[in-house]
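The structure appears right after this line, and notes come after that.
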Amino acid sequence: SNEVNFDSCDASIVGGCNNEIFAYAKQSAIVGGYNNFVGYFSCQSGILAGRFNTVMDGSCYSVILGGLDNCICYASSCSSILGGCGNIMRYSYNTQIVGGSWDRSCYSCANVIAGGGGNRTFYSKRSGIFTGHCNHICGYDGYIPGYGTGNYSIQTSTILGGSCNRICDITHASSIQGGCRNCIHNYGYGQCVWSSVINGGYQNKIYDDTYSSVINGGCFNYIRCSGYSVINGGYSNCICSGTWTSVINGGCGNSMREYTCYSVIEGGTCNYMYSTCRSAIIAGRGHYIGYNGYNTIAGGGYNCICCSSYNSIIGGCDNRICENSCYGSIIGGCGNLLYCVSYSSILGGCDNSVRNYSELSTVIGGYNNSIYKGSCCSSIIGGRCNQLYCFSCDSSIIGGFNNRLCCSSNSAIIGGQNMTLTGKSNTVLFCCIGTNYDGSNYFGVQTCNVNAGGVNFCIRNGIIVGIS
(Lines give C-alpha, C1' and ligand atoms only; values in the text may rest on other atoms or scores of the structure.)
Protein backbone atom coordinates (compact mmCIF):
# COMPACT_ATOMS: atom_id res chain seq x y z
CA SER A 1 0.00 0.00 0.00
CA ASN A 2 1.14 3.53 -0.74
CA GLU A 3 0.68 6.50 1.62
CA VAL A 4 0.71 10.30 1.40
CA ASN A 5 1.01 11.84 4.91
CA PHE A 6 -0.76 14.96 6.18
CA ASP A 7 -0.01 18.47 5.02
CA SER A 8 1.67 17.30 1.82
CA CYS A 9 -0.48 19.46 -0.39
CA ASP A 10 -0.86 18.47 -4.02
CA ALA A 11 1.43 15.45 -3.48
CA SER A 12 0.64 12.14 -5.16
CA ILE A 13 1.69 8.52 -5.57
CA VAL A 14 0.75 7.13 -8.95
CA GLY A 15 1.65 3.47 -8.57
CA GLY A 16 4.02 0.91 -7.11
CA CYS A 17 4.00 -0.65 -3.64
CA ASN A 18 4.91 0.51 -0.12
CA ASN A 19 5.83 3.96 -1.37
CA GLU A 20 5.36 6.93 0.99
CA ILE A 21 5.38 10.73 0.90
CA PHE A 22 6.00 12.21 4.35
CA ALA A 23 4.62 15.41 5.86
CA TYR A 24 5.21 18.83 4.31
CA ALA A 25 6.52 17.37 1.07
CA LYS A 26 4.27 19.63 -0.96
CA GLN A 27 3.71 19.09 -4.66
CA SER A 28 5.92 15.98 -4.72
CA ALA A 29 5.29 12.67 -6.45
CA ILE A 30 6.23 8.99 -6.61
CA VAL A 31 5.35 7.43 -9.94
CA GLY A 32 6.11 3.79 -9.21
CA GLY A 33 8.52 1.28 -7.76
CA TYR A 34 8.79 -0.33 -4.32
CA ASN A 35 9.59 1.11 -0.87
CA ASN A 36 10.48 4.55 -2.19
CA PHE A 37 10.17 7.62 0.11
CA VAL A 38 9.93 11.36 -0.22
CA GLY A 39 10.73 12.78 3.21
CA TYR A 40 9.84 15.81 5.29
CA PHE A 41 9.95 19.26 3.67
CA SER A 42 11.17 17.86 0.37
CA CYS A 43 8.87 19.98 -1.74
CA GLN A 44 8.36 19.57 -5.48
CA SER A 45 10.54 16.48 -5.59
CA GLY A 46 9.93 13.07 -7.10
CA ILE A 47 10.87 9.41 -7.50
CA LEU A 48 9.95 7.81 -10.80
CA ALA A 49 10.76 4.14 -10.16
CA GLY A 50 13.15 1.67 -8.57
CA ARG A 51 13.44 0.32 -5.03
CA PHE A 52 14.40 1.74 -1.63
CA ASN A 53 15.13 5.16 -3.08
CA THR A 54 14.76 8.24 -0.82
CA VAL A 55 14.48 12.01 -1.21
CA MET A 56 14.41 13.57 2.26
CA ASP A 57 15.36 16.28 4.78
CA GLY A 58 14.39 19.39 2.84
CA SER A 59 15.79 18.31 -0.50
CA CYS A 60 13.49 20.37 -2.71
CA TYR A 61 13.21 20.29 -6.51
CA SER A 62 15.13 17.02 -6.67
CA VAL A 63 14.44 13.72 -8.41
CA ILE A 64 15.52 10.05 -8.46
CA LEU A 65 14.91 8.24 -11.74
CA GLY A 66 14.97 4.60 -10.71
CA GLY A 67 17.71 2.38 -9.46
CA LEU A 68 18.23 0.76 -6.06
CA ASP A 69 18.89 2.24 -2.61
CA ASN A 70 19.74 5.72 -3.86
CA CYS A 71 19.35 8.72 -1.53
CA ILE A 72 19.12 12.50 -1.88
CA CYS A 73 19.16 14.07 1.59
CA TYR A 74 20.05 16.98 3.87
CA ALA A 75 18.88 19.92 1.79
CA SER A 76 20.27 18.68 -1.52
CA SER A 77 18.05 20.84 -3.71
CA CYS A 78 17.73 20.99 -7.49
CA SER A 79 19.66 17.72 -7.74
CA SER A 80 19.11 14.29 -9.27
CA ILE A 81 20.18 10.66 -9.22
CA LEU A 82 19.58 8.90 -12.51
CA GLY A 83 19.58 5.20 -11.72
CA GLY A 84 22.38 3.13 -10.31
CA CYS A 85 22.76 1.57 -6.88
CA GLY A 86 23.64 2.86 -3.43
CA ASN A 87 24.35 6.40 -4.59
CA ILE A 88 24.06 9.18 -1.97
CA MET A 89 23.84 12.95 -2.22
CA ARG A 90 24.12 15.18 0.87
CA TYR A 91 24.11 18.96 1.26
CA SER A 92 24.57 19.34 -2.48
CA TYR A 93 22.95 21.84 -4.84
CA ASN A 94 22.25 21.46 -8.55
CA THR A 95 24.26 18.24 -8.65
CA GLN A 96 23.71 15.01 -10.59
CA ILE A 97 24.72 11.39 -10.15
CA VAL A 98 24.16 9.41 -13.35
CA GLY A 99 24.14 5.65 -12.81
CA GLY A 100 27.03 3.91 -11.17
CA SER A 101 27.18 2.38 -7.72
CA TRP A 102 28.02 3.65 -4.25
CA ASP A 103 28.94 7.09 -5.53
CA ARG A 104 28.80 10.06 -3.11
CA SER A 105 28.37 13.81 -3.57
CA CYS A 106 28.51 15.90 -0.38
CA TYR A 107 28.69 19.65 0.15
CA SER A 108 28.93 20.17 -3.59
CA CYS A 109 27.46 22.58 -6.11
CA ALA A 110 26.78 22.03 -9.81
CA ASN A 111 28.77 18.78 -9.85
CA VAL A 112 28.34 15.58 -11.86
CA ILE A 113 29.25 11.97 -11.13
CA ALA A 114 28.57 9.85 -14.21
CA GLY A 115 28.83 6.10 -13.78
CA GLY A 116 31.59 4.11 -12.22
CA GLY A 117 31.68 2.97 -8.62
CA GLY A 118 32.78 4.39 -5.29
CA ASN A 119 33.46 7.85 -6.71
CA ARG A 120 33.27 10.91 -4.38
CA THR A 121 32.93 14.70 -4.62
CA PHE A 122 33.22 16.82 -1.45
CA TYR A 123 33.32 20.61 -1.07
CA SER A 124 33.66 21.20 -4.79
CA LYS A 125 31.90 23.32 -7.40
CA ARG A 126 31.26 22.87 -11.12
CA SER A 127 33.38 19.71 -11.06
CA GLY A 128 32.80 16.15 -12.23
CA ILE A 129 33.86 12.50 -12.12
CA PHE A 130 33.10 10.47 -15.22
CA THR A 131 33.21 6.68 -14.78
CA GLY A 132 36.11 4.90 -13.13
CA HIS A 133 36.44 3.43 -9.66
CA CYS A 134 37.07 5.10 -6.30
CA ASN A 135 38.03 8.46 -7.80
CA HIS A 136 37.72 11.42 -5.42
CA ILE A 137 37.38 15.20 -5.76
CA CYS A 138 37.72 16.33 -2.15
CA GLY A 139 38.15 19.93 -1.08
CA TYR A 140 37.15 21.77 2.05
CA ASP A 141 34.94 24.66 3.07
CA GLY A 142 36.13 27.64 5.09
CA TYR A 143 38.66 30.43 4.73
CA ILE A 144 40.58 30.30 1.47
CA PRO A 145 43.33 32.93 1.09
CA GLY A 146 42.30 35.41 -1.57
CA TYR A 147 38.70 34.17 -1.62
CA GLY A 148 37.47 34.69 1.93
CA THR A 149 35.16 32.29 3.77
CA GLY A 150 32.35 30.01 2.67
CA ASN A 151 33.95 29.03 -0.63
CA TYR A 152 34.46 25.64 -2.20
CA SER A 153 38.18 24.92 -2.39
CA ILE A 154 37.91 22.88 -5.61
CA GLN A 155 36.29 24.39 -8.69
CA THR A 156 35.82 23.41 -12.35
CA SER A 157 37.94 20.25 -12.05
CA THR A 158 37.34 16.77 -13.47
CA ILE A 159 38.40 13.14 -13.26
CA LEU A 160 37.80 11.06 -16.38
CA GLY A 161 37.92 7.37 -15.60
CA GLY A 162 40.70 5.40 -14.06
CA SER A 163 40.96 4.15 -10.50
CA CYS A 164 41.74 5.73 -7.13
CA ASN A 165 42.65 9.10 -8.61
CA ARG A 166 42.42 12.23 -6.39
CA ILE A 167 41.92 15.96 -6.81
CA CYS A 168 42.20 17.50 -3.34
CA ASP A 169 42.63 20.66 -1.28
CA ILE A 170 42.64 23.95 -3.28
CA THR A 171 42.52 23.13 -6.99
CA HIS A 172 40.93 25.02 -9.90
CA ALA A 173 40.34 24.10 -13.55
CA SER A 174 42.42 20.91 -13.39
CA SER A 175 41.81 17.33 -14.47
CA ILE A 176 42.99 13.73 -14.26
CA GLN A 177 42.28 11.60 -17.28
CA GLY A 178 42.53 7.92 -16.52
CA GLY A 179 45.32 6.02 -14.90
CA CYS A 180 45.56 4.85 -11.31
CA ARG A 181 46.38 6.61 -8.03
CA ASN A 182 47.24 9.89 -9.71
CA CYS A 183 46.79 13.02 -7.61
CA ILE A 184 46.43 16.79 -7.99
CA HIS A 185 46.55 18.59 -4.64
CA ASN A 186 48.57 20.89 -2.40
CA TYR A 187 50.09 20.63 1.04
CA GLY A 188 51.00 24.29 1.54
CA TYR A 189 48.72 26.81 3.23
CA GLY A 190 47.44 29.43 0.80
CA GLN A 191 48.71 27.58 -2.26
CA CYS A 192 46.64 26.44 -5.22
CA VAL A 193 46.96 24.21 -8.27
CA TRP A 194 45.59 25.89 -11.41
CA SER A 195 44.77 24.59 -14.90
CA SER A 196 46.90 21.44 -14.70
CA VAL A 197 46.37 17.95 -16.13
CA ILE A 198 47.50 14.39 -15.51
CA ASN A 199 46.89 12.11 -18.49
CA GLY A 200 46.99 8.54 -17.27
CA GLY A 201 49.86 6.69 -15.73
CA TYR A 202 50.37 5.50 -12.16
CA GLN A 203 50.94 7.54 -9.00
CA ASN A 204 51.81 10.76 -10.80
CA LYS A 205 51.35 14.02 -8.82
CA ILE A 206 50.90 17.72 -9.48
CA TYR A 207 50.80 19.79 -6.31
CA ASP A 208 51.68 22.88 -4.26
CA ASP A 209 51.16 26.11 -6.18
CA THR A 210 51.57 24.65 -9.67
CA TYR A 211 49.80 26.13 -12.70
CA SER A 212 49.25 25.21 -16.35
CA SER A 213 51.37 22.05 -16.18
CA VAL A 214 50.90 18.53 -17.55
CA ILE A 215 52.05 14.98 -16.82
CA ASN A 216 51.45 12.58 -19.69
CA GLY A 217 51.60 9.03 -18.42
CA GLY A 218 54.49 7.24 -16.82
CA CYS A 219 54.65 6.51 -13.11
CA PHE A 220 55.84 8.25 -9.94
CA ASN A 221 56.42 11.50 -11.83
CA TYR A 222 55.63 14.81 -10.12
CA ILE A 223 55.47 18.55 -10.73
CA ARG A 224 55.57 20.85 -7.70
CA CYS A 225 55.60 24.65 -7.30
CA SER A 226 56.11 25.14 -11.04
CA GLY A 227 54.33 26.53 -14.09
CA TYR A 228 53.86 25.84 -17.80
CA SER A 229 55.90 22.63 -17.54
CA VAL A 230 55.45 19.10 -18.90
CA ILE A 231 56.61 15.59 -18.04
CA ASN A 232 56.03 13.12 -20.86
CA GLY A 233 56.12 9.63 -19.42
CA GLY A 234 59.06 7.93 -17.83
CA TYR A 235 59.60 6.91 -14.22
CA SER A 236 60.18 9.04 -11.13
CA ASN A 237 60.90 12.26 -13.00
CA CYS A 238 60.51 15.60 -11.18
CA ILE A 239 59.97 19.29 -12.02
CA CYS A 240 59.82 21.47 -8.92
CA SER A 241 60.82 24.54 -6.88
CA GLY A 242 59.92 27.41 -9.16
CA THR A 243 60.84 25.74 -12.43
CA TRP A 244 58.72 26.95 -15.35
CA THR A 245 58.26 26.47 -19.08
CA SER A 246 60.40 23.32 -19.06
CA VAL A 247 60.00 19.72 -20.26
CA ILE A 248 61.17 16.24 -19.29
CA ASN A 249 60.60 13.68 -22.03
CA GLY A 250 60.75 10.21 -20.54
CA GLY A 251 63.68 8.59 -18.87
CA CYS A 252 64.07 7.72 -15.20
CA GLY A 253 64.93 9.78 -12.15
CA ASN A 254 65.47 13.01 -14.07
CA SER A 255 64.81 16.30 -12.26
CA MET A 256 64.63 20.08 -12.74
CA ARG A 257 64.76 22.35 -9.69
CA GLU A 258 65.19 25.89 -8.35
CA TYR A 259 63.91 28.25 -11.03
CA THR A 260 65.10 26.34 -14.06
CA CYS A 261 63.29 27.72 -17.13
CA TYR A 262 62.92 27.12 -20.87
CA SER A 263 64.91 23.90 -20.57
CA VAL A 264 64.54 20.26 -21.56
CA ILE A 265 65.73 16.82 -20.49
CA GLU A 266 65.33 14.24 -23.24
CA GLY A 267 65.35 10.80 -21.67
CA GLY A 268 68.27 9.26 -19.90
CA THR A 269 68.63 8.40 -16.22
CA CYS A 270 69.25 10.52 -13.11
CA ASN A 271 70.00 13.70 -15.03
CA TYR A 272 69.69 16.93 -13.04
CA MET A 273 69.17 20.64 -13.79
CA TYR A 274 69.42 23.28 -11.09
CA SER A 275 68.75 27.02 -11.48
CA THR A 276 69.57 27.18 -15.18
CA CYS A 277 67.75 28.44 -18.27
CA ARG A 278 67.53 27.55 -21.95
CA SER A 279 69.61 24.42 -21.48
CA ALA A 280 69.27 20.79 -22.57
CA ILE A 281 70.34 17.34 -21.45
CA ILE A 282 69.87 14.72 -24.14
CA ALA A 283 70.03 11.11 -22.98
CA GLY A 284 72.89 9.71 -20.94
CA ARG A 285 73.13 9.18 -17.20
CA GLY A 286 73.95 11.29 -14.16
CA HIS A 287 74.51 14.58 -16.00
CA TYR A 288 74.28 17.94 -14.21
CA ILE A 289 73.68 21.49 -15.49
CA GLY A 290 73.54 24.16 -12.82
CA TYR A 291 73.37 27.98 -12.80
CA ASN A 292 73.64 30.35 -15.76
CA GLY A 293 72.28 28.94 -19.03
CA TYR A 294 72.36 28.10 -22.73
CA ASN A 295 74.23 24.84 -22.12
CA THR A 296 73.89 21.36 -23.64
CA ILE A 297 74.98 17.88 -22.61
CA ALA A 298 74.30 15.07 -25.09
CA GLY A 299 74.91 11.44 -24.26
CA GLY A 300 77.63 9.92 -22.17
CA GLY A 301 77.60 9.70 -18.39
CA TYR A 302 78.14 11.94 -15.36
CA ASN A 303 79.14 15.04 -17.30
CA CYS A 304 78.74 18.45 -15.65
CA ILE A 305 78.33 22.11 -16.68
CA CYS A 306 78.19 24.51 -13.74
CA CYS A 307 78.21 28.32 -13.37
CA SER A 308 78.91 28.70 -17.09
CA SER A 309 77.06 29.68 -20.30
CA TYR A 310 76.88 28.71 -23.98
CA ASN A 311 78.81 25.45 -23.57
CA SER A 312 78.39 21.86 -24.71
CA ILE A 313 79.58 18.40 -23.75
CA ILE A 314 79.02 15.68 -26.32
CA GLY A 315 79.46 12.15 -25.03
CA GLY A 316 82.20 10.85 -22.81
CA CYS A 317 82.09 10.58 -19.03
CA ASP A 318 83.02 12.68 -16.01
CA ASN A 319 83.79 15.69 -18.18
CA ARG A 320 83.31 19.15 -16.61
CA ILE A 321 82.88 22.75 -17.74
CA CYS A 322 82.71 25.18 -14.83
CA GLU A 323 83.48 28.55 -13.20
CA ASN A 324 82.40 31.17 -15.75
CA SER A 325 83.52 29.24 -18.81
CA CYS A 326 81.76 30.41 -21.99
CA TYR A 327 81.43 29.13 -25.54
CA GLY A 328 83.45 26.00 -24.80
CA SER A 329 83.05 22.36 -25.77
CA ILE A 330 84.22 18.93 -24.71
CA ILE A 331 83.68 16.12 -27.19
CA GLY A 332 84.09 12.63 -25.82
CA GLY A 333 86.82 11.41 -23.56
CA CYS A 334 86.83 11.00 -19.78
CA GLY A 335 87.60 13.32 -16.89
CA ASN A 336 88.34 16.34 -19.07
CA LEU A 337 87.98 19.90 -17.68
CA LEU A 338 87.35 23.43 -18.94
CA TYR A 339 87.74 25.81 -16.00
CA CYS A 340 87.37 29.58 -16.17
CA VAL A 341 88.04 29.83 -19.91
CA SER A 342 86.17 30.96 -23.03
CA TYR A 343 86.12 29.71 -26.61
CA SER A 344 88.20 26.66 -25.72
CA SER A 345 87.73 22.97 -26.39
CA ILE A 346 88.91 19.46 -25.56
CA LEU A 347 88.50 16.72 -28.12
CA GLY A 348 88.70 13.30 -26.55
CA GLY A 349 91.42 11.90 -24.38
CA CYS A 350 91.43 11.50 -20.62
CA ASP A 351 92.02 13.90 -17.71
CA ASN A 352 92.97 16.76 -20.01
CA SER A 353 92.29 20.38 -19.00
CA VAL A 354 92.19 23.96 -20.26
CA ARG A 355 91.86 26.46 -17.41
CA ASN A 356 92.56 29.86 -15.86
CA TYR A 357 91.90 32.32 -18.69
CA SER A 358 93.57 30.27 -21.41
CA GLU A 359 91.10 31.48 -24.04
CA LEU A 360 90.78 30.04 -27.54
CA SER A 361 92.90 27.01 -26.70
CA THR A 362 92.49 23.33 -27.53
CA VAL A 363 93.61 19.93 -26.28
CA ILE A 364 93.20 17.07 -28.74
CA GLY A 365 93.40 13.60 -27.25
CA GLY A 366 96.10 12.24 -25.03
CA TYR A 367 96.21 11.83 -21.28
CA ASN A 368 96.61 14.35 -18.45
CA ASN A 369 97.60 17.23 -20.72
CA SER A 370 97.02 20.81 -19.45
CA ILE A 371 96.89 24.35 -20.78
CA TYR A 372 96.59 26.97 -18.04
CA LYS A 373 97.51 30.39 -16.59
CA GLY A 374 96.58 32.70 -19.46
CA SER A 375 98.02 30.65 -22.30
CA CYS A 376 95.67 31.82 -25.06
CA CYS A 377 95.35 30.50 -28.61
CA SER A 378 97.48 27.46 -27.80
CA SER A 379 97.15 23.72 -28.25
CA ILE A 380 98.32 20.31 -27.09
CA ILE A 381 97.92 17.46 -29.55
CA GLY A 382 98.17 13.99 -28.07
CA GLY A 383 100.86 12.74 -25.79
CA ARG A 384 100.82 12.33 -22.03
CA CYS A 385 101.36 14.59 -19.00
CA ASN A 386 102.32 17.61 -21.10
CA GLN A 387 101.87 21.16 -19.73
CA LEU A 388 101.62 24.49 -21.51
CA TYR A 389 101.30 27.39 -19.07
CA CYS A 390 102.14 30.92 -17.82
CA PHE A 391 101.04 33.12 -20.73
CA SER A 392 102.50 30.87 -23.39
CA CYS A 393 100.25 32.21 -26.14
CA ASP A 394 100.04 30.94 -29.71
CA SER A 395 102.12 27.91 -28.76
CA SER A 396 101.84 24.12 -29.10
CA ILE A 397 102.99 20.82 -27.71
CA ILE A 398 102.68 17.97 -30.16
CA GLY A 399 102.85 14.53 -28.63
CA GLY A 400 105.53 13.30 -26.28
CA PHE A 401 105.60 12.70 -22.55
CA ASN A 402 105.97 15.05 -19.58
CA ASN A 403 107.02 18.05 -21.67
CA ARG A 404 106.78 21.64 -20.31
CA LEU A 405 106.31 24.88 -22.23
CA CYS A 406 106.35 27.93 -19.94
CA CYS A 407 106.35 31.69 -20.55
CA SER A 408 107.09 31.13 -24.22
CA SER A 409 104.87 32.57 -26.96
CA ASN A 410 104.79 31.48 -30.60
CA SER A 411 106.75 28.39 -29.64
CA ALA A 412 106.42 24.62 -29.85
CA ILE A 413 107.66 21.35 -28.43
CA ILE A 414 107.44 18.44 -30.82
CA GLY A 415 107.55 14.97 -29.36
CA GLY A 416 110.17 13.78 -26.94
CA GLN A 417 110.20 13.19 -23.19
CA ASN A 418 110.83 15.44 -20.20
CA MET A 419 111.60 18.38 -22.48
CA THR A 420 111.30 21.94 -21.13
CA LEU A 421 111.07 25.25 -22.92
CA THR A 422 111.00 28.27 -20.59
CA GLY A 423 111.07 31.98 -21.40
CA LYS A 424 111.92 31.51 -25.08
CA SER A 425 109.49 32.83 -27.65
CA ASN A 426 109.56 32.03 -31.37
CA THR A 427 111.27 28.73 -30.58
CA VAL A 428 110.75 25.11 -31.58
CA LEU A 429 112.14 22.35 -29.39
CA PHE A 430 112.26 18.79 -30.69
CA CYS A 431 114.19 15.52 -30.57
CA CYS A 432 116.48 14.85 -33.45
CA ILE A 433 118.51 11.98 -34.90
CA GLY A 434 120.93 12.58 -37.74
CA THR A 435 124.54 12.97 -38.99
CA ASN A 436 126.97 15.72 -37.95
CA TYR A 437 129.12 17.64 -40.43
CA ASP A 438 132.03 15.36 -39.61
CA GLY A 439 129.98 12.29 -40.52
CA SER A 440 129.29 11.13 -36.95
CA ASN A 441 125.77 10.28 -35.78
CA TYR A 442 123.95 12.27 -33.14
CA PHE A 443 120.85 11.89 -30.99
CA GLY A 444 119.59 14.75 -28.84
CA VAL A 445 117.42 17.81 -28.44
CA GLN A 446 117.45 20.57 -31.04
CA THR A 447 116.15 24.11 -30.56
CA CYS A 448 115.32 26.21 -33.58
CA ASN A 449 114.97 29.92 -32.91
CA VAL A 450 113.15 31.60 -35.75
CA ASN A 451 113.97 35.22 -36.60
CA ALA A 452 115.62 36.18 -33.31
CA GLY A 453 116.81 39.74 -33.95
CA GLY A 454 116.89 39.09 -37.69
CA VAL A 455 119.11 35.96 -37.39
CA ASN A 456 117.90 32.34 -37.57
CA PHE A 457 119.95 29.73 -35.76
CA CYS A 458 119.74 26.16 -34.41
CA ILE A 459 121.10 24.84 -31.15
CA ARG A 460 121.71 21.08 -30.75
CA ASN A 461 122.50 19.85 -27.27
CA GLY A 462 123.60 23.36 -26.30
CA ILE A 463 125.88 23.87 -29.38
CA ILE A 464 125.08 26.27 -32.26
CA VAL A 465 125.12 24.07 -35.33
CA GLY A 466 123.77 26.45 -37.97
CA ILE A 467 123.33 30.18 -38.61
CA SER A 468 121.63 31.92 -41.48
Side-chain angles (χ1 to χ4, degrees), residues 1-124 127-138 159 161 163-164:
S1 60
N2 299 314
E3 182 179 355
V4 178
N5 287 325
F6 66 92
D7 208 16
S8 293
C9 302
D10 301 320
S12 62
I13 297 176
V14 178
C17 178
N18 285 347
N19 299 310
E20 184 174 356
I21 297 177
F22 286 80
Y24 308 109
K26 298 178 180 181
Q27 299 175 329
S28 294
I30 296 176
V31 177
Y34 175 78
N35 262 19
N36 297 309
F37 300 94
V38 176
Y40 297 103
F41 299 101
S42 297
C43 302
Q44 299 183 26
S45 294
I47 298 174
L48 270 66
R51 303 177 62 188
F52 301 105
N53 297 309
T54 304
V55 178
M56 59 187 295
D57 300 324
S59 299
C60 300
Y61 318 111
S62 295
V63 63
I64 295 177
L65 302 179
L68 171 67
D69 202 23
N70 298 308
C71 178
I72 298 176
C73 58
Y74 300 114
S76 297
S77 299
C78 304
S79 297
S80 62
I81 296 176
L82 310 180
C85 172
N87 299 311
I88 297 176
M89 194 178 296
R90 296 176 178 172
Y91 298 108
S92 296
Y93 177 80
N94 192 25
T95 293
Q96 288 75 44
I97 296 177
V98 182
S101 60
W102 313 110
D103 296 325
R104 302 284 187 272
S105 181
C106 302
Y107 301 98
S108 299
C109 176
N111 283 354
V112 176
I113 298 177
N119 297 313
R120 306 282 190 271
T121 63
F122 292 90
Y123 291 112
S124 54
S127 297
I129 298 174
F130 299 90
T131 72
H133 174 70
C134 288
N135 296 311
H136 292 180
I137 296 178
C138 301
I159 297 176
S163 174
C164 300

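Interatomic distance, C60 SG to Y93 OH, rounded to the nearest 0.5 Å: 11.0 Å. Atoms CD1 and CZ, on I88 and R120 in that order, are 8.0 Å from each other to the nearest 0.5 Å. Residue I113 holds its CD1 atom at 8.0 Å from CD1 of I137, rounded to the nearest 0.5 Å. Rounded to the nearest 0.5 Å, atoms CD1 (I21) and CG (N5) are 9.0 Å apart. Taken from SG in C73 to CZ in R90, the straight-line distance is 5.0 Å, to the nearest 0.5 Å. Atom CD1 of residue I30 and atom CD of residue E20 lie 8.0 Å apart, to the nearest 0.5 angstrom.
Between I13 and V4, some side-chain heavy-atom pair lies under the 4.5 Å cut-off. Here the side chains of R51 and N35 are not in contact, with every heavy-atom distance at 4.5 Å or above.
Ring geometry, F22 versus F37: the interplanar angle falls from 30° to 60°, so the pair is classed tilted.
Under the 3.5 Å distance criterion, the side-chain polar atoms of S28 are matched with a main-chain donor or acceptor of Q44. Here the side chain of N36 pairs a donor or acceptor atom with the backbone of G50 at under 3.5 angstrom. Under the 3.5 Å distance criterion, the side-chain polar atoms of T54 are left unmatched by any main-chain donor or acceptor of G39.
Here the shortest heavy-atom pairing between Q96 and S79 reads NE2-CA, 4.5 Å. Among all heavy-atom pairs drawn from S45 and S59, the shortest one is OG-O, 2.7 Å. Shown here for S1 and C17, the closest heavy-atom pair between the two residues is N-SG, 4.2 Å. Among all heavy-atom pairs drawn from I72 and V63, the shortest one is CD1-O, 3.5 Å. Closest non-hydrogen pair, V38 versus A25, comes out as CG1-CB, 3.9 Å. Looking at every heavy atom in both residues, N18 comes nearest to N2 through N-OD1, 3.3 Å.
Exactly one residue among N70, N119, N53, D69 makes a side chain to side chain donor-acceptor pair (under 3.5 Å) with N87. That residue is N70. The residue from S92, S105, S108, C106 that alone fulfils the side chain to side chain contact (heavy atoms under 4.5 Å, CB included) condition with S124 is S108.
Within 6.0 Å of atom CZ in F130, more than 12 heavy atoms from other residues, nucleotides or ligands are found, so the atom counts as buried in its surroundings. Within 6.0 Å of CZ in F52 there are more than 12 heavy atoms belonging to other residues, nucleotides or ligands.
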*Please step through ring-ring contact (aromatic ring centres under 6.0 Å, His included) for the pair Y40 and Y24, ending with a clear verdict.*
CA-CA 6 Å; Y40 297 103; Y24 308 109; 7.2 Å; no
